[in-house]
Every structure is written in structure tokens, then in C-alpha cells.
K.L.:
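Mind looking over this structure? Questions follow.
In what follows, chains carry the letters A, B, and so on, assigned in the order in which the sequence lines appear, proteins first and then strands, with residues in each chain numbered from 1.
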There are 2 protein chains.
Amino acid sequence: MIKYAILGLLHYKDMHGYRIKEHIEQNFGHMWSINYGQIYPNLKKLHEDGLISMTEMNQTGEKGPKRKLYSITGKGKQEFSRWLEESPEKPMLLRDPFLMRFVFYGFGDSERFVEIIGNQIKRYENDLKRRRKNLKRWDKNSIYVKLIAELGTSLNEMFITWLKHSREEILKDEQNNKKRERKTGKRRIA
Amino acid sequence: MIKYAILGLLHYKDMHGYRIKEHIEQNFGHMWSINYGQIYPNLKKLHEDGLISMTEMNQTGEKGPKRKLYSITGKGKQEFSRWLEESPEKPMLLRDPFLMRFVFYGFGDSERFVEIIGNQIKRYENDLKRRRKNLKRWDKNSIYVKLIAELGTSLNEMFITWLKHSREEILKDEQNNKKRERKTGKRRIA
DNA sequence: CTTTCTATATATACATAGTATATATTAAAA
DNA sequence: TTTTAATATATACTATGTATATATAGAAAG
């Protein structure tokens, strides 16, 4: 999939590897991240397959070694369009180290987990502030990029609501458990 | 992370590889999927590290080759608890072949994309029906498992709303573009 | 009664995604 | 003139995910 993301960016503008990462961070950093370890091997593969072409640049007055500027080829544009108009097979995949733990929170100390949930709420409330501030920035972009940014804030809002709801439910559940313990205790004494 | 998911399931109950997949599909199939290619190598590694123990079973009256039943060890429980009480570092990661394409829809034929968005809406509306039906089933489980199921439906609802909103915005944008074309056409004639 | 089918069960090879780190170049700062 | 910082590319390694191979035995078909 990253292959096509890179192809799409080169469809928009010629770039070298370092610039691709910069571009993604500036424009999609709120939802997507990428590493050089994914970029350079993919550029190499795309070049071998003839989907992109490469020119070594002799830039002056710039730091660092020579840039390798990549352009999408005709073949590349064709392959990109083919992919773009496919109806995607696989469903959305949500991976999160917090949610992975959440499933098993029944095995541990609920007080600690209420604390961790608090941390998550803080994190995503900060994210949301930043996203809302950036939303206006996308107005000049294509509606598609703007809509993706809107999805980001919606997801964020929904998740915060769910986190707060979960915290309440866990605290309620904990109090019920304590009550039950007290009752059992009394019976034992009696 | 899968390492800890498996450890968590074995914390709940002794299982062999095949059963682990079955269990995940029955209980978390709506949000999580796993393959034997992830399960068996992980079981092997966990066993080597002494976090789980293994007994070959001599089951009779059952199909297939001998099962290898795994149990979590004391060391495994310790390692699992350590992980469980960690505050997760990395943020949520949403990966979706549809959203990856969505970013680049400005490069292609909007009519085709409206069609694809329609397919997505159908898919997630079916998912939502299934999820709502299953929600009651989680009442008997731990509140954590139940809350995760609720998150699933919330995410689903939010995404459908966003898809419908996006479809409208794209159609509106298309009409604006056509109007602009007609105006430019007139000017050219005049 | 023996071949074929199906479900159970384990295992490995391979591809893709993601992290960590090594290396080179040059401008600017100390 | 050595060090630091930014630019730029590249590779090694780990984790995740897909595809496929292999084995066993009950059930069904002929």
C-alpha cells in the first residue's frame, strides 16, 4: 500500500526520498507516519519496476549529499490509476496498544487502569485542540484532503467520549464490587 | 504486541494454537483478526522464553493430529502484568486501503469514487447491524470486553456518518465545477 | 472396504510494514 | 580547524500479515 502512497505523491509532484517524508509529516502527520526504512526500499523497487524514473541532482548552496529526484512514469501513472479505481477489499484495521491492553483490564488493578485512561484522555484532548486549529488550513486543499482531516477530528471526539464513558463505567463497577464485598463480609460474620 | 495478546488469552484459559484462533474469532472477530502464521511462531517463542509451558495431549474420538496444550507460567503471568500496567506510548494507528485511496481521489474520476463510497456505506451498515445484534451478548462478559464492543459500534456509526457527509460534499463540489465550466465556456464564445 | 472428502491441527515460507541505526556531505558555529 | 547540526541515502532487523504445505482421523461416497 505504501508503494501506491509514494506513487500518488510523485503523481502530485517530483520529489526525493527525504522530501517525501517531510511532505507526509506536514500534510498527513496527524493521521499517517512513515519512515526512511519504508521510503528508500520502496523507491528502489518502484524504480526497478519502471514505475518511476530517477535523476541525480547537482544542487549547490544546499547541505548534504546529492539528491535523487524521482518522477512518475507513464507506466507508473497507469498502475496508480488502476489501483485508485479499485474497490478496496479489506476492512479498516484499528491497531492500538492501549485498546489491546483494555481487553485484558479485567485481570488487573482497576485503579491503575483508571489512571491510564486519564492519561489517554489528556493525550487525545491535546490532539483534538491541535487538529481543530489545523482544520482551517485544509480549506485551500482538495476537498478530499479536507474531508480526511474532518474524519480525524470526528474519530478523536468519538474516542474521547468513549474513554470518559468507560472511566465512569469502571468506577461504577468498582463501587458495586466493594458493596458486594461488604455484604459478603457481614454474612460471614453473622 | 501479539505476544501479549496470546499471553492474555492463556491467562484466561489453557489453549492450543487452533483454539486460540477460534476464540479470537468468536469473541473479537468484529475488531481483531489473527492467523496461524502469527500464532504458532509466537507460541514457539513464548515457550522458548519460559513464559508458557506445553503438554502434548492424547485426545481420543477427536479429529486431527495431537494437540499441544499451552499454559501460562508464573514468569509469564509476571511479564503479562508488567505489560498490562504500562501506560501505552504509541498512539492509535488507523490503516485502511479505502482511506489511503481517498486522499488521492482528487486525481481521478469522481463518479467512480462516489460509487466506491456507496459500496463502503453498504459494507459498514451491514457490519453495524451485526454488531448491534451482538451487543447484548457481551453483557455476561467483563465490562471491559463489553466496552470494547461498544467502541466498535460507535466507530462504525461515526464512520458511516462521515461517508455520507463526504459523498454529499463530493457531489456538491462536482456540480460547482460543472457550473464553472459552463461559465468559462460562455465567456470563451462571447 | 477403500478412496475421497472434510475438519482439525501444526508448521513454514514469504511479503509487507515499521524501527533502529549506519553512513556521507556540507554549512554554520565554536 | 574541530565540532555540531541539518540534509540525505541506505541497510539491518523486528513485527505483522498472507499463503501454503503437511499430517491425522472421522465421515461420506462409491
K.L.:
Does dT9(D) have OP1 or OP2 under 4.0 Å away from a side-chain N or O of Y18(A)?
P.N.:
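Answer is no, no contact under 4.0 Å.
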K.L.:
In this structure, how many angstroms lie between the P atom of dT14(D) and the CD1 atom of I2(B), rounded?
P.N.:
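Answer to the nearest Å: 16 Å.
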K.L.:
Side chain of R19(A) only, heavy atoms from C-beta on: which candidate in dA9(C), dA8(D), dT16(D) is closest?
P.N.:
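Of the options given, the side chain of R19(A) lies nearest dA8(D).
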K.L.:
Near DNA chain D, which residues from residues 89-101 of chain B have a heavy atom under 4.0 Å away?
P.N.:
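Listed by number, there are none.
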K.L.:
Starting at NE2 of H16(A) and ending at P of dA10(D), how long is that distance when rounded to a whole Å?
P.N.:
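Between P of dA10(D) and NE2 of H16(A): 12 Å.
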K.L.:
Does K68(B) reach a base, just sugar-phosphate, or nothing at all? Heavy atoms under 4.0 Å.
P.N.:
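Counting heavy atoms under 4.0 Å across all strands, the contact made by K68(B) is with sugar-phosphate only.
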K.L.:
Check the distance between dA27(C)'s P and K66(A)'s NZ and give it to me in whole angstrom.
P.N.:
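Value for this atom pair: 14 Å.
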K.L.:
Calculate the interatomic distance between K21(A) atom NZ and dT7(D) atom P; express it in whole Å.
P.N.:
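Checked: the NZ to P distance equals 11 Å.
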K.L.:
Given E157(A), which partner from the list K164(A), R131(A), R132(A) fulfils the salt bridge (Lys or Arg N to Asp or Glu O under 4.0 Å) test?
P.N.:
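It is R132(A), the one option of K164(A), R131(A), R132(A) that forms the salt bridge (Lys or Arg N to Asp or Glu O under 4.0 Å) with E157(A).
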K.L.:
Looking at E62(A) and R67(A), is any side-chain nitrogen of the basic one under 4.0 Å from a carboxylate oxygen of the acidic one?
P.N.:
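Yes, charged N to carboxylate O under 4.0 Å.
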K.L.:
Write down the distance between CG (L69(A)) and P (dA8(D)), rounded to a whole number of angstrom.
P.N.:
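Rounded to whole Å, this separation is 11 Å.
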K.L.:
Send over the distance from E22(B) CD to dA7(C) P, rounded to a whole Å.
P.N.:
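Taking atom P of dA7(C) as the reference, CD of E22(B) is at 13 Å.
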K.L.:
Closest approach to the side chain of K63(A), judged atom by atom: which nucleotide of dT7(D), dG17(D), dA17(C) is it?
P.N.:
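Looking only at side-chain atoms, K63(A) lies closest to dT7(D).
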K.L.:
Check the angle between the aromatic planes of F80(A) and H11(A) and answer parallel, tilted or perpendicular using the 30° and 60° thresholds.
P.N.:
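Tilted: the ring planes of F80(A) and H11(A) meet at 30° to 60°.
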K.L.:
Tell me which residues in residues 25-56 of chain B put a heavy atom below 4.0 Å from DNA chain C, sorted by number, or none.
P.N.:
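The answer is Y36(B), G37(B), Y40(B), P41(B), K44(B).
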K.L.:
Name the orientation class of the two ring planes belonging to F102(B) and F98(B) (parallel below 30°, tilted from 30 to 60°, perpendicular beyond 60°).
P.N.:
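Answer is perpendicular, since the angle exceeds 60°.
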K.L.:
Over how many whole Å does the gap from M15(B) atom CE to dT8(C) atom C1' extend?
P.N.:
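Distance check: M15(B) CE to dT8(C) C1' gives 17 Å.
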K.L.:
So, are K21(A) and E25(A) salt-bridged, with charged N and O less than 4.0 Å apart?
P.N.:
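Salt bridge: yes.
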K.L.:
Can a salt bridge be assigned to the pair R101(B) and E85(A) using a cut-off of 4.0 Å between side-chain N and carboxylate O?
P.N.:
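Between E85(A) and R101(B) there is no salt bridge, as every charged N stays at least 4.0 Å from the carboxylate O atoms.
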K.L.:
Salt-bridged, D49(A) to K45(A), with N to O below 4.0 Å?
P.N.:
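A salt bridge is present here (some side-chain N lies under 4.0 Å from a carboxylate O).
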K.L.:
Round to the nearest Å and state the distance from Y70(A) atom OH to dA8(D) atom P.
P.N.:
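Distance check: Y70(A) OH to dA8(D) P gives 14 Å.
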K.L.:
Taking N42(B) for the side chain and Q38(B) for the main chain, is one N or O donor matched with an acceptor at less than 3.5 Å?
P.N.:
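Yes, the answer is positive, given that a donor and an acceptor are paired below the 3.5 Å cut-off.
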K.L.:
Between R19(B) and E22(B), is the closest basic N to carboxylate O distance under 4.0 Å?
P.N.:
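Judged by the 4.0 Å cut-off on N to carboxylate O distance, E22(B) and R19(B) do form a salt bridge.
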